[in-house]
> 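Take this structure, written in structure tokens, and hold onto it; I'll ask about it next.
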2 protein chains.
Amino acid sequence: MSNVATNFTQRTINYDQLLGDFKVLLKKNNLKFTIQREVILETLYNSDEHLAPESLHHLLQDKFPELKIGIATVYRTLSLLEDSDMVTSLSFGAQGKKYELGAKNHHDHLICTSCGTITEFVDEEIEERQHNIADELGFTMQDHSMQIYGICKNCK
Amino acid sequence: MSNVATNFTQRTINYDQLLGDFKVLLKKNNLKFTIQREVILETLYNSDEHLAPESLHHLLQDKFPELKIGIATVYRTLSLLEDSDMVTSLSFGAQGKKYELGAKNHHDHLICTSCGTITEFVDEEIEERQHNIADELGFTMQDHSMQIYGICKNCK
DNA sequence: ATAATAGCGATAATAATTCTCAAAAGAAGA
DNA sequence: TCTTCTTTTGAGAATTATTATCGCTATTAT
Ligand SMILES: [Mn+2]
Ligand SMILES: [Mn+2]
Ligand SMILES: [Zn+2]
Ligand SMILES: [Zn+2]
């Protein structure tokens with residue numbers, strides 16, 4: 001029995017809850033609830049991918065062509081969501097910066113350097129050691145990230 | 001007794017050895033041994049910092065003004081060194097891409113989000129788990145990186 | 001020393017991200 | 001619903017980071 005758990009694409013809360021949280025957050029900072037912000041949240045929620053701003057923009061143009069969402073709005077909204085801890089950004093080596101909705105449990109990533117496939121996993125032993133290390137070095141941990149690069153099963 | 005080891009700034013090989021390796025590498029790929037490549041290697045060797053290309057360029061202009069090394073050469077040489085596994089690049093959240101000479105033992109990083117200080121450490125337990133995880137998921141590990149973000153002792 | 005070739009610096013080009021601004025939309029209250 | 005105030009938006013300019021181009025120079029092998 002392995003203690004490596006995979007498959008973290010399932011959401012920890014449903015969309016309505018998430019949207020509710022978002023609205024509360026916006027009101028609290030007297031920001032407005034706009035259709036652009038809503039469809040960006042929804043699109044992130046419905047995507048299992050780790051999205052680059054550019055890819056997200058393309059998705060939005062496909063799904064909501066009538067809105068003509070601008071790339072600047074995508075960047076602005078991603079920053080807003082990241083600042084509010086609703087999305088996380090990841091920097092995967094050559095692949096550049098990507099975003100994923102935070103409405104998942106914390107997890108780390110395995111990246112195939114051949115086909116680019118990303119596998120999510122979590123390992124309790126590592127999570128625990130990370131906390132211990134921070135403690136031992138007199139550090140208050142806020143966040144951590146770990147990536148394993150290599151060749152996936154399919155590619156070999 | 002902790003099993004977290006810190007302080008990895010010491011080099012695992014001396015500069016002459018490193019330079020020798022570099023010359024061999026260059027010859028093998030019929031690349032030329034130039035003064036620019038030499039001072040870049042030397043400057044990286046003599047720096048304990050994790051350097052952005054821009055910072056390295058400034059260092060070089062200070063220490064070797066007569067060479068008037070161009071920024072393009074810095075980028076080119078860093079890429080060459082990275083491709084040859086002599087330097088490693090790191091992406092520290094907001095701080096952007098930084099490089100460090102690989103002539104150190106493998107290690108991970110703790111980054112203070114307040115003052116930017118970077119502490120290096122290695123933890124054998126985590127290293128081992130990383131290998132196991134890759135194995136269990138049918139993955140051939142090539143590399144891995146881990147960062148812990150938080151507030152350092154001084155900043156609190 | 002010569003010839004062949006790779007590397008250099010300057011700078012143009014590209015890519016990614018942020019800024020600016022005038023018009024449009026959302027929130028709150030009358 | 002209408003009005004007013006404030007925030008947000010899209011378009012495109014500006015900025016930043018990185019890469020490509022090119023004529024000249026430095027290095028290497030002979
Ligand atoms: Mn993920
Ligand atoms: Mn380091
Ligand atoms: Zn693969
Ligand atoms: Zn600090």
Side-chain angles (χ1 to χ4, degrees), chain A residues 19-20 22-41 43 50-84 87 89-99, chain B residues 19 22-43 50-84 87 89-99:
Chain A
L19 185 61
F22 190 36
K23 284 180 175 173
V24 168
L25 173 86
L26 291 174
K27 190 152 292 173
K28 197 175 298 173
N29 294 83
N30 55 319
L31 302 173
K32 291 175 177 171
F33 179 69
T34 64
I35 185 77
Q36 289 84 353
R37 284 171 176 165
E38 179 171 17
V39 300
I40 288 173
L41 187 73
T43 303
H50 297 83
L51 293 169
E54 199 69 37
S55 323
L56 175 54
H57 189 221
H58 285 143
L59 264 183
L60 292 164
Q61 291 185 319
D62 277 2
K63 300 216 300 176
F64 310 95
E66 74 284 5
L67 294 181
K68 293 179 193 298
I69 295 183
I71 186 72
T73 298
V74 174
Y75 276 103
R76 281 186 293 235
T77 306
L78 284 173
S79 298
L80 166 64
L81 290 169
E82 187 172 22
D83 291 346
S84 324
V87 307
S89 71
L90 302 157
S91 198
F92 295 138
Q95 288 190 56
K97 208 170 182 186
K98 299 198 169 181
Y99 293 80
Chain B
L19 186 61
F22 190 35
K23 285 180 175 173
V24 168
L25 172 86
L26 292 174
K27 190 153 292 174
K28 199 176 298 174
N29 294 82
N30 57 317
L31 302 173
K32 292 173 177 171
F33 180 69
T34 64
I35 185 74
Q36 289 83 354
R37 284 172 176 167
E38 179 170 18
V39 300
I40 288 174
L41 187 73
E42 186 196 314
T43 303
H50 296 84
L51 294 169
E54 201 69 38
S55 323
L56 176 53
H57 189 220
H58 286 144
L59 265 182
L60 292 164
Q61 292 185 318
D62 277 2
K63 301 214 302 175
F64 311 95
E66 74 283 6
L67 293 182
K68 295 178 190 299
I69 293 183
I71 185 71
T73 297
V74 174
Y75 275 102
R76 281 187 292 235
T77 305
L78 284 172
S79 298
L80 165 64
L81 289 169
E82 188 173 20
D83 291 346
S84 324
V87 308
S89 72
L90 303 156
S91 198
F92 295 137
Q95 289 191 55
K97 208 172 182 184
K98 299 197 169 180
Y99 291 81

> Going from NZ on A/Lys23 to NZ on A/Lys27, what distance comes out if it is rounded to the nearest 0.5 angstrom?
8.5 Å
> NE2/A/His57 to CD1/A/Ile40 distance, rounded to the nearest 0.5 angstrom?
8.5 Å
> From the options D/dT9, C/dA28, D/dT7, select the nucleotide whose nearest atom is closest to the side chain of A/Lys27.
C/dA28
> Answer with base, sugar-phosphate or nothing: what part of the nucleic acid does B/Leu78 contact at a heavy-atom distance below 4.0 Å?
nothing
> Could you tell me whether the phosphate oxygens of C/dA6, OP1 or OP2, come under 4.0 Å of any side-chain nitrogen or oxygen in B/Thr34?
no
> To the nearest Å, how far apart are A/Leu26 CG and C/dA25 C1'?
15 Å
> Is any side-chain heavy atom of A/Phe64 less than 4.5 Å from a side-chain heavy atom of A/Ile35?
no
> For the pair made of CG in A/Leu51 and C1' in C/dA16, what is the distance, rounded to whole Å?
17 Å
> Any non-hydrogen side-chain atom of B/Leu60 less than 4.5 Å from a side-chain atom of B/Gln36?
no
> B/Lys32 NZ to C/dA6 C1': how many Å, rounded?
4 Å
> Take A/Asn30 and A/Ile69, find for each the nucleotide of DNA chain D with the closest heavy atom, and name the residue whose nucleotide sits nearer the 5' end.
A/Asn30
> Hey, does A/Leu80 have a side-chain heavy atom less than 4.5 Å from the side chain of A/Leu26?
yes
> Is any side-chain heavy atom of A/Leu25 closer than 4.5 Å to one of A/Lys28?
no
> How many Å lie between CD on B/Gln61 and P on C/dC8, as a whole number?
15 Å
> Between B/Leu31 (CG) and C/dA4 (C1'), how many Å, whole number?
16 Å
> D/dT7 P sits how many Å from A/Lys28 NZ, rounded?
19 Å
> Taking protein heavy atoms under 4.0 Å as touching, what does nucleotides 17-24 of chain D look like 5' to 3' if B marks base contact, S marks sugar-phosphate-only contact and - marks none?
SSBBB---
> State, yes or no, whether a side-chain contact exists between A/Tyr99 and A/His50 at a heavy-atom distance under 4.5 Å.
no
> What is the separation between atom NE2 on A/His58 and atom C1' on C/dA16, rounded to the nearest whole Å?
13 Å
> Can you check the B/Arg37 CZ to D/dT28 C1' distance for me, whole Å?
13 Å
